[in-house]
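Take a look at the structure below.
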Amino acid sequence: MSVEMPNPSMTMGQKGDDVILEVKDLKVHFHLDEGRLKSVDGVDLVIRKGKTLGIVGESGCGKSVTSQALLRIVPNPGKTEGEILLKRQNEAAGGSGTGDVVDLVKLDPVGKEIRSIRGGEIAMIFQEPMKAFSPIHTIGNQIMEAILLHRTSDKKEAWDIALETLISVGMSNPEQRLNEYPHQLSGGMRQRAMIAMALASHPNILIADEPTTALDVTVQAQVLKLINDLKEKLNTSVIFITHDLGVIAEMSDEVAVMYLGKVVEYTDVDTLFYGPRHPYTIALLHSIPSVARRSERLESIDGSVPYPMNLPAGCGFYSRCKKAQSGVCNVADIPLVKVKDNHYVRCLFAEEPYTGGDGR
Ligand SMILES: Nc1ncnc2c1ncn2[C@@H]1O[C@H](COP(=O)(O)OP(=O)(O)OP(=O)(O)O)[C@@H](O)[C@H]1O
């Protein structure tokens with residue numbers, strides 16, 4: 001076993017490399033009166049051109065704070081450390097176009113460079129579109145603003161691009177929508193408008209944080225298909241954050257399973273479903289009907305993710321793990337280890353392959 005994630009500084013400089021963003025030892029800690037809350041605690045991620053990285057885990061495991069860190073929008077008193085290395089490519093969005101690598105952690109979070117990246121090279125869609133839109137401006141003006149900032153200074157052209165983008169996301173009556181306010185749209189249409197706004201600037205990376213959780217099943221399926229279609233068409237990289245493994249299966253090329261601010265398993269989507277090694281991943285798989293075998297009982301995972309403050313030493317999943325051994329798992333922090341190519345697991349029992357049993 002060895003502890004090795006791809007080294008960003010080595011991989012990013014290589015010619016023809018498809019890695020466009022690497023996150024290395026990312027930490028987001030909130031310094032509160034009660035102590036230090038470790039929302040994200042040493043995360044490594046690799047985002048490849050035109051591929052989707054799914055980030056999955058239960059509520060409170062640090063998914064959203066990770067995505068906030070990528071855009072440098074972590075609220076106070078959160079402190080971001082580590083490296084977020086972005087290969088700048090998009091000339092229209094203010095990038096150098098030479099493949100220069102910039103460490104987003106080093107940028108002033110309200111400075112010019114991160115503002116040109118945010119909504120330009122990296123765009124985000126949220127669970128609740130009202131977060132993305134101002135209620136007092138029309139949809140058209142808001143989409144145009146993104147286009148004028150990142151793609152063209154010609155207003156007529158920006159209007160045409162806004163219309164084109166609304167059509168591409170399957171918006172009904174697109175011309176009329178441009179003149180409407182966010183509250184005049186249905187939930188599904190608002191979600192499409194938000195995706196249109198995010199895509200209008202032709203981002204290299206789209207971060208989607210639980211974008212369909214609030215939608216009914218049919219609209220959910222349409223929005224997921226839309227993101228996949230646009231990814232194919234524009235070769236956009238997607239970071240898809242969800243607590244839903246079913247959605248992960250549909251959307252991801254690679255998957256990071258997060259627990260208590262750390263990545264506990266990282267691999268391609270097929271290995272995750274057919275050869276998981278971490279007891280938490282296995283327990284998650286057993287809690288969804290489409291993956292658990294019919295003969296097996298569906299199981300929920302007892303308890304919930306602990307509050308990430310003043311945590312005891314050892315594995316974060318110790319208190320809920322069916323494989324946990326006292327004196328072994330609760331002694332020191334567990335490293336993320338490579339069990340085979342492109343498969344990393346943070347568990348001392350990771351060498352034991354998944355047999356399709358009940359994960360115990
Ligand atoms: N602004 C903040 N101030 C203090 N603590 C925070 C803040 N934002 C998040 N946290 C804490 O950080 C931890 C991780 O939260 P985060 O929202 O990233 O989890 P999540 O996996 O995205 O969950 P959910 O799916 O519910 O959004 C949680 O314990 C949460 O309470």
Side-chain angles (χ1 to χ4, degrees), residues 23 25-45 47 52-82 84 104-105 109-110 118 122 124-132 191 194 206-215 220 223-224 238-248 251-252 255-266 272 278 280-281 283-285 287-288 300-301 303-312 315-320 333 336 346:
V23 174
D25 198 20
L26 180 69
K27 291 184 179 145
V28 182
H29 293 177
F30 290 90
H31 296 263
L32 308 177
D33 290 343
E34 315 87 276
R36 190 195 296 193
L37 186 143
K38 299 179 177 177
S39 297
V40 177
D41 200 27
V43 162
D44 296 287
L45 301 170
I47 317 300
T52 297
L53 173 73
I55 302 183
V56 67
E58 288 162 289
S59 185
C61 66
K63 308 181 297 291
S64 295
V65 175
T66 300
S67 66
Q68 289 168 359
L70 298 185
L71 287 173
R72 300 299 315 281
I73 53 169
V74 170
N76 283 327
K79 193 164 182 314
T80 304
E81 284 173 18
I84 301 171
L104 304 188
V105 176
V110 291
R118 216 184 273 144
I122 309 180
M124 181 153 177
I125 53 177
F126 304 89
Q127 179 178 340
E128 183 32 75
M130 283 315 234
K131 268 195 194 170
Q191 202 75 6
M194 178 173 55
L206 178 70
I207 304 177
D209 189 354
E210 303 268 11
T212 57
T213 308
L215 303 174
Q220 181 173 347
V223 171
L224 295 182
V238 181
I239 301 176
F240 200 97
I241 296 174
T242 178
H243 62 275
D244 185 338
L245 271 171
V247 174
I248 285 286
M251 301 300 289
S252 311
V255 186
V257 181
M258 280 191 73
Y259 192 81
L260 209 51
K262 293 186 189 320
V263 171
V264 296
E265 185 148 13
Y266 196 128
L272 190 92
H278 197 286
Y280 178 58
T281 312
L284 277 181
L285 288 166
S287 68
I288 57 168
S300 60
I301 312 174
S304 54
V305 183
Y307 191 56
M309 189 184 281
N310 302 325
L311 293 167
C315 175
F317 192 52
Y318 179 77
S319 59
R320 305 170 73 192
D333 286 349
L336 189 68
R346 195 182 293 280

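In what follows, every heavy atom counts, from backbone to side chain, and hydrogens, waters and symmetry copies are set aside. Just so you know, ligand 1 is whichever comes first in the structure, and atom 1 is the first atom listed for that ligand.
Taking all atoms of both residues into account, the shortest heavy-atom contact from Thr281 to Glu265 is OG1-OE1, 2.7 Å. Of all heavy-atom pairs spanning Gln191 and Thr212, the tightest one is NE2-N, 4.4 Å. Heavy atoms only, all atoms of each residue included: Thr242 and Asp244 are closest at OG1-N, 2.8 Å. For Ile248 against Gly54, the heavy-atom pair with the smallest separation is CD1-CA, 3.6 Å.
Evaluated for a side chain to side chain contact (heavy atoms under 4.5 Å, CB included) with Gln68, the options Val74, Val28, Asp209 yield exactly one hit, Val74. With Phe240 as reference, Leu224 is the one residue of Leu224, Leu206, Val255 to meet the side chain to side chain contact (heavy atoms under 4.5 Å, CB included) rule.
Atom 31 (O) of ligand 1 has Tyr307 CE1, 4.3 Å as its closest protein atom, hydrogens excluded (heavy atom only). When only non-hydrogen protein atoms are considered, atom 25 (O) of ligand 1 lies nearest to Lys63 NZ, 3.1 Å. Closest protein heavy atom to atom 6 (C) of ligand 1: Phe30 CE1, 3.9 Å. Nearest to atom 10 (N) of ligand 1 among the protein's heavy atoms is Ser39 OG, 3.8 Å. The protein heavy-atom contact nearest to atom 23 (O) of ligand 1 is Gly60 N, 2.8 Å. Among protein heavy atoms, atom 26 (O) of ligand 1 sits closest to Ser59 OG, 2.5 Å. From the protein, the heavy atom lying nearest to atom 17 (O) of ligand 1 is Ser64 CB, 3.7 Å. Protein heavy atom nearest atom 29 (O) of ligand 1, with residue, atom name and distance: Pro308 CD, 3.2 Å.
If you look at Glu58 next to ligand 1, the close heavy atoms, those under 4.0 Å, all belong to the backbone. Using a 4.0 Å cut-off between heavy atoms, Pro75 contacts ligand 1 through its side chain alone, with no backbone atom that close. Residue contacts with ligand 1, taken as heavy atom pairs separated by less than 4.0 Å, involve Leu37 solely via side-chain atoms from C-beta onward.
Ligand 1 has at least one atom lying under 4.0 Å from a heavy atom of Gly62.
Rounding to the nearest 0.5 Å gives a distance of 11.0 Å between CG of Asp44 and NZ of Lys262. Distance CD1/Ile84 to CG/Leu26: 5.0 Å, rounded to 0.5 Å.
Listed by first and then second residue, the salt bridge (charged side-chain N to carboxylate O under 4.0 Å, His left out) pairs involving residues 56-82 are Glu58-Arg320, Lys79-Glu81 (not counting sequence neighbours).
Under a 4.0 Å criterion applied to the non-hydrogen atoms of Cys61, ligand 1 contributes the atoms 19 (O), 20 (P), 21 (O). Close contacts of ligand 1 with Val65, meaning ligand atoms under 4.0 Å from a residue heavy atom, involve 8 (N), 9 (C), 15 (O), 16 (P), 18 (O).
Taking any N or O of Thr66, backbone or side chain, none lies under 3.5 Å from an N or O belonging to ligand 1.
Scanning for ring-ring contact (aromatic ring centres under 6.0 Å, His included) contacts around Phe317 gives Tyr259, Tyr280, with sequence neighbours left out.
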